[in-house]
Trainee: 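Below: one structure in structure tokens.
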Amino acid sequence: MSLKFYNSLTRQKEVFTPIHAPYVGMYVCGPTVSGESHLGHARPFITFDVLFRYLLNLGYQVRYVRNITDAGHFEEEGRVAEDKISSKATLEKLEPMELVHKYTRLYQWAMAQFNNLSPSIEPTATGHIVEQIEMIKTILADGFAYEVNGSVYFDVEKYHEVFSQKGQPYGILSGRILEDQLESTRALDNQDEKRNKSDFALWKKAPPEHIMRWQSPWGEGFPGWHIECSAMSSKYLGKEFDIHGGGMDLQFPHHECEIAQSTVCNHVMPARYWLHNNMITLNGKKMGKSYNNVIRLTELFSGNHPLLTQAYSPQTIRFFILQSHYRGTLDFSNEALQAAEKALKRLWEAYQWLMKKELTESTGLADENLNQSIRTLVAEMEEFMNDDLNTAKVLANLFELTSHINSVKDGHLPAGAIRLETFQLLQQQMKRFIEDIFGLQGENTATDGKLDGVLQLLIEIRKAAKSKKDFVTSDKIRQELAQLGVLLKDEKDGGVSYQFE
RNA sequence: GGUCAAGUGGCCGAGAGGCAAGGUAGGGGUCUGCAAAACCCUGGACGGCGGUUCGAAUCCGCCCUUGACUUCCA
């Protein structure tokens, strides 16, 4: 089966055909670095990291662009227009760029904790003011925007009129009907500079107190909230590129506006495939600033939050996210995270054992049903990924394989039951999906050689005690190590393994 | 109000006309000096009412409940 994605634009699954294979261009809306990232933010970045990894694994040459929004957005709707970043900076008595730098570093640290690959380019909004101004100039020149008092607004109604006839009405992505919105909102429009409520800002005049401001043909100001993504995606990926990703909450208005702006400038729908991940919920409610129910990533990693009964590692969270399909909501709870933690541990330990195991020769005792089962489970995994990235189903197969692996490990199945070529296929594909595509990694790293030597010594002493039936000594060693967070396990084959809690 | 989703065991979640994945928790067993881990067995779920169909968790209608978007948001 060929690779298929659910395209929000067409509301159906479509075969993925890159515009210029083997090259693939992918743009994902990144964070606004005016504050700390929370669990909800982790989802798109992990989801699209897995997509990035999968495309690379399939042999595509991918340019993955994920922006950093470090120029403030303004707010409206009765509230005082303000630049989010400079306003928070005033409260915290920080320079805007100091704040941006702090949260950018924290964000990038969190991405590394998750083992997300770095995007190919991570452009900043403030680094592309010139490109944004150029784009606004083009839109003005084409008559799809107007200037009022030093601000520039996109004329949504005119765009809709002209482009509806070309089959691309405003609302094509989100399914909104502009006429309905115009009717229901016109009365509220009085004091606004905008001709229509549905118009959106391309450039905003900066009030005197704003710190973040740039020179433009329309005076000092700052870019509107949607233009940066259009400017940066077209600069680095071209006028038309393959994949545009982001959270479902960005579908309207953000992505709708991107489409309108880019289409006016470049005369083409910017992206072929629009992918949207669903939200992470807390007690059924979207995790978000406005709901005051966020758990920040640093809190999650440390366990330092009233709703958390313990700390959860970045890999546990990554695994938790991959256990569901990206287009469904995913509900947070301690119980669910603890389930994920245990499951990941079991998967990872079986995988580690598998990779260390050396099988040299088939013994002729091969269990054909088992071999066939393993081959089928392995083959299905790619099918599941191709079906709109069904990571949940891939994991289900990985767990069935885990049971087979552990059966061999514990001697419930003879080592020869798995044929050499099946075994090698298993090793190769487990590595491919667990590490290369899912990006999972071990967490008990950093054991240096000295520590291992010390532990091996203790294991030897304990083994000697056990063979003399001196269980007082052997249990003392095991218990005290356990208190230090080192867990000893007596394996079936007489060996002893350890792991850090 | 408008638009769009979703409701599956205790919990988290796949599935989208034909035996209801997987994880975790529960019960029983095997192994073990004891543990831990692992393996095996096992109970337990499709919001409600109608309809279409040989057959519905899946399609249609109505209802109930929850959520998202509605120009800040991953």
Trainee: Could you tell me how far B:C4 sits from B:A57 if I compare only their P atoms? Round to whole Å.
Mentor: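 My reading of the P atoms in B:A57 and B:C4 gives 26 Å.
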Trainee: Check the geometry between A:Phe471 and B:G33 and answer yes if their rings are stacked (centres below 5.5 Å, planes below 30°), otherwise no.
Mentor: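 Yes, the aromatic ring of A:Phe471 stacks with the base.
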Trainee: Say whether A:Arg105 and A:Gln108, considering side chains only, have a donor N or O and an acceptor N or O under 3.5 Å apart.
Mentor: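 A:Gln108 and A:Arg105 do not have a side-chain donor-acceptor pair below 3.5 Å.
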Trainee: Do A:His244 and A:Ser233 pair up side chain to side chain, a donor and an acceptor below 3.5 Å, judged on atom types alone?
Mentor: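 No, no side-chain donor-acceptor contact under 3.5 Å.
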Trainee: Ignoring the backbone of A:Ala339, work out which of B:C12, B:A37, B:G23 is nearest its side chain.
Mentor: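 Comparing B:C12, B:A37, B:G23 against the side chain of A:Ala339, the answer is B:G23.
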Trainee: CD of A:Gln323 versus C1' of B:G15: gap in Å, rounded?
Mentor: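 After rounding, the reported distance stands at 16 Å.
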Trainee: Counting the atoms with a prime plus P, OP1 and OP2 as sugar-phosphate, which does A:Lys342 contact under 4.0 Å by heavy atoms, base, sugar-phosphate, or nothing?
Mentor: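 Sugar-phosphate only.
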Trainee: Using the six-membered ring of A:Phe399, assess whether NZ or CZ of A:Arg346 lies under 6.0 Å from its centre and within 45 degrees of the ring axis.
Mentor: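 Not satisfied by the 6.0 Å and 45° rule.
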Trainee: Can a side chain N or O of A:His412 be found less than 4.0 Å away from OP1 or OP2 on B:C39?
Mentor: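 No, outside the criterion.
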Trainee: How many whole angstroms separate atom CG of A:Asp387 from atom P of B:A21?
Mentor: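 Taking CG of A:Asp387 and P of B:A21, I get 18 Å after rounding.
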Trainee: Is the charged tip of A:Arg66 near the ring of A:Phe45: under 6.0 Å from the six-membered ring centre and within 45° of its axis?
Mentor: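 Yes, A:Arg66 and A:Phe45 form such a contact.
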Trainee: Round to the nearest Å and state the distance from A:Phe399 atom CZ to B:A38 atom P.
Mentor: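 In whole Å, B:A38 P lies 11 Å from A:Phe399 CZ.
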Trainee: Please give, in whole Å, the distance from B:C34 C1' to A:Asp490 CG?
Mentor: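 About 10 Å, once rounded to whole Å.
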Trainee: With respect to the phosphate group of B:A68, does any side-chain polar atom (N or O) of A:Tyr291 fall under 4.0 Å of OP1 or OP2?
Mentor: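 Yes, such a contact exists.
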Trainee: Please name the nucleotide paired to B:A5 by Watson-Crick or G-U wobble geometry with both distances under 3.5 Å, or report none.
Mentor: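 B:U66 is the nucleotide pairing with B:A5.
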Trainee: Report which part of the nucleic acid A:Ser403 touches: base, sugar-phosphate, or nothing (heavy-atom distance under 4.0 Å, all strands).
Mentor: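 Sugar-phosphate: the residue A:Ser403, judged by heavy atoms under 4.0 Å, touches backbone atoms but no base.
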Trainee: Does B:C73 have its OP1 or OP2 closer than 4.0 Å to a side-chain nitrogen or oxygen of A:Lys289?
Mentor: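 Negative; the distance criterion is not met.
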Trainee: Output the single nucleotide from B:A37, B:C12, B:U71 whose closest atom is nearest the side chain of A:Glu349.
Mentor: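 Among B:A37, B:C12, B:U71, the one nearest the side chain of A:Glu349 is B:A37.
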Trainee: Under 4.0 angstrom, heavy atoms only, what part of the nucleic acid is A:Glu400 near: base, sugar-phosphate, or nothing?
Mentor: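 Here A:Glu400 touches the backbone only, sparing every base.
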Trainee: For a quick check of understanding: with a heavy-atom distance under 4.0 Å over all strands, which category does A:His41 fall into, base, sugar-phosphate or nothing?
Mentor: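 Here A:His41 touches the bases of the nucleic acid.
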Trainee: Does A:Lys158 qualify as a cation-pi partner of A:Phe144, given the criterion of NZ or CZ under 6.0 Å from the six-membered ring centre and within 45 degrees of its axis?
Mentor: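 Yes; both conditions hold, so A:Lys158 lies above the ring face of A:Phe144.
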Trainee: Any donor-acceptor pair under 3.5 Å joining the side chain of A:Asp475 to the base of B:G33?
Mentor: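 Donor-acceptor pair under 3.5 Å: yes.
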Trainee: Look at all strands and tell whether A:Ser174 reaches a base, only sugar-phosphate, or nothing, counting heavy atoms closer than 4.0 Å.
Mentor: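 Here A:Ser174 touches no strand at all.
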Trainee: B:U71, OP1 or OP2 - any side-chain N/O from A:Lys197 closer than 4.0 Å?
Mentor: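 Indeed, a polar side-chain atom of A:Lys197 lies that close.
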Trainee: Return the value, rounded to whole Å, for the distance between atom NE2 of A:His404 and atom P of B:G22.
Mentor: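 Going from A:His404 (NE2) to B:G22 (P), I get 11 Å.
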Trainee: Suppose we call a contact any N or O donor and acceptor under 3.5 Å apart; does that hold for the side chain of A:Asn334 and the base of B:C11?
Mentor: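 Flag unset: no donor-acceptor pair detected.
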Trainee: Rounded off to whole Å, could you give me the CG-to-C1' distance for the A:Asn293 and B:G67 pair?
Mentor: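 Between C1' of B:G67 and CG of A:Asn293: 12 Å.
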Trainee: Taking only the C1' atom of each, what is the distance from B:G10 to B:C62 in whole angstrom?
Mentor: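 Straight-line distance between the two C1' atoms is 32 Å.
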Trainee: Expressed as a whole number of Å, how far does the C1' atom of B:A45 sit from that of B:A21?
Mentor: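 To the nearest whole Å, 14 Å.
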Trainee: Which part of the nucleic acid does A:Lys285 contact within heavy-atom distance under 4.0 Å: base, sugar-phosphate only, or nothing?
Mentor: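 If one applies the 4.0 Å heavy-atom cut-off, A:Lys285 turns out to touch the sugar-phosphate alone, with no base involved.
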Trainee: B:C39 phosphate, OP1 or OP2: any side-chain N/O from A:Asn406 under 4.0 angstrom?
Mentor: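 Answer yes for this pair, as a side-chain N or O of A:Asn406 is under 4.0 Å from OP1 or OP2.
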Trainee: Between A:Arg327 and A:Tyr6, is NZ or CZ placed under 6.0 angstrom from the six-membered ring centre and within 45° of the ring axis?
Mentor: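 Judged by the rule (NZ or CZ under 6.0 Å from the ring centre, within 45° of its axis), A:Arg327 counts as positioned above A:Tyr6.
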Trainee: Need to verify one output field. Residue with the more 5' nearest nucleotide on RNA chain B, A:Lys13 or A:Cys257?
Mentor: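 Final value for this comparison: A:Lys13.
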Trainee: Just how far, in rounded Å, is C1' of B:U71 from CD of A:Glu157?
Mentor: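 Roughly 16 Å, once rounded to whole Å.
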Trainee: Over all strands shown, is A:Ile280 touching base, sugar-phosphate only, or nothing at heavy-atom distances under 4.0 angstrom?
Mentor: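 Base: the residue A:Ile280, judged by heavy atoms under 4.0 Å, touches a nucleobase.
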Trainee: Of the options B:C12, B:A36, B:A74, whose atoms approach the side-chain atoms of A:Leu250 most closely?
Mentor: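 Nearest listed nucleotide: B:A74.
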Trainee: Does A:Arg176 have a side-chain nitrogen or oxygen under 4.0 Å from the phosphate oxygens OP1 or OP2 of B:U71?
Mentor: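 Result: no.
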Trainee: Within the 4.0 Å heavy-atom criterion, would you say A:His276 contacts the bases, only the backbone, or no part of the nucleic acid?
Mentor: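 No contact.
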Trainee: On RNA chain B, does the nearest nucleotide to A:Gly175 precede the nearest nucleotide to A:Met248 from the 5' side, or the other way round? Give the residue.
Mentor: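 Mapping each residue to its closest nucleotide by heavy atoms, the 5'-most match is A:Gly175.
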Trainee: When the P atoms of B:G29 and B:C34 are compared, how many Å lie between them, rounded to an integer?
Mentor: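 Each nucleotide's P atom is 15 Å from the other's.
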Trainee: Looking at B:C12, B:G33, B:A21, which one has an atom nearest to any side-chain atom of A:Ala396?
Mentor: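 Of the candidates, B:A21 comes closest.
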Trainee: Give me the one residue out of A:Lys289, A:Arg43, A:Lys286 that meets salt bridge (charged side-chain N to carboxylate O under 4.0 Å, His left out) with A:Asp249.
Mentor: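 Filter result, single survivor: A:Lys286.
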Trainee: Check this for me: does the side-chain of A:Glu335 come within 3.5 Å of the base of B:G10 through a donor and an acceptor?
Mentor: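 Flag set: donor-acceptor pair detected.
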Trainee: Please give the distance between the P atoms of B:A38 and B:G15 as a whole number of Å.
Mentor: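 About 27 Å, rounded to a whole number of Å.
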Trainee: Return yes if the base of B:A37 and the side-chain atoms of A:Arg346 contain a donor-acceptor N/O pair under 3.5 Å, otherwise no.
Mentor: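 No, the side chain and the base share no sub-3.5 Å donor-acceptor pair.
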Trainee: Expressed in angstrom and rounded to an integer, what is the separation of A:Asn277 atom CG from B:A5 atom P?
Mentor: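 The distance from CG of A:Asn277 to P of B:A5 comes to 18 Å, rounded to the nearest Å.
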Trainee: Would you verify whether the NZ or CZ of A:Arg318 falls within 45 degrees of the ring axis of A:Phe438 while also being under 6.0 Å from that six-membered ring's centre?
Mentor: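 Here A:Arg318 fails the 6.0 Å and 45° test against A:Phe438.
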Trainee: What contact category does A:Gly40 fall into here, base, sugar-phosphate, or nothing, at under 4.0 angstrom with non-hydrogen atoms?
Mentor: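 Base, at least one base heavy atom under 4.0 Å.
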Trainee: So what does A:Ala336 touch, heavy atoms closer than 4.0 Å: a base, only the sugar-phosphate, or nothing?
Mentor: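 Sugar-phosphate only.
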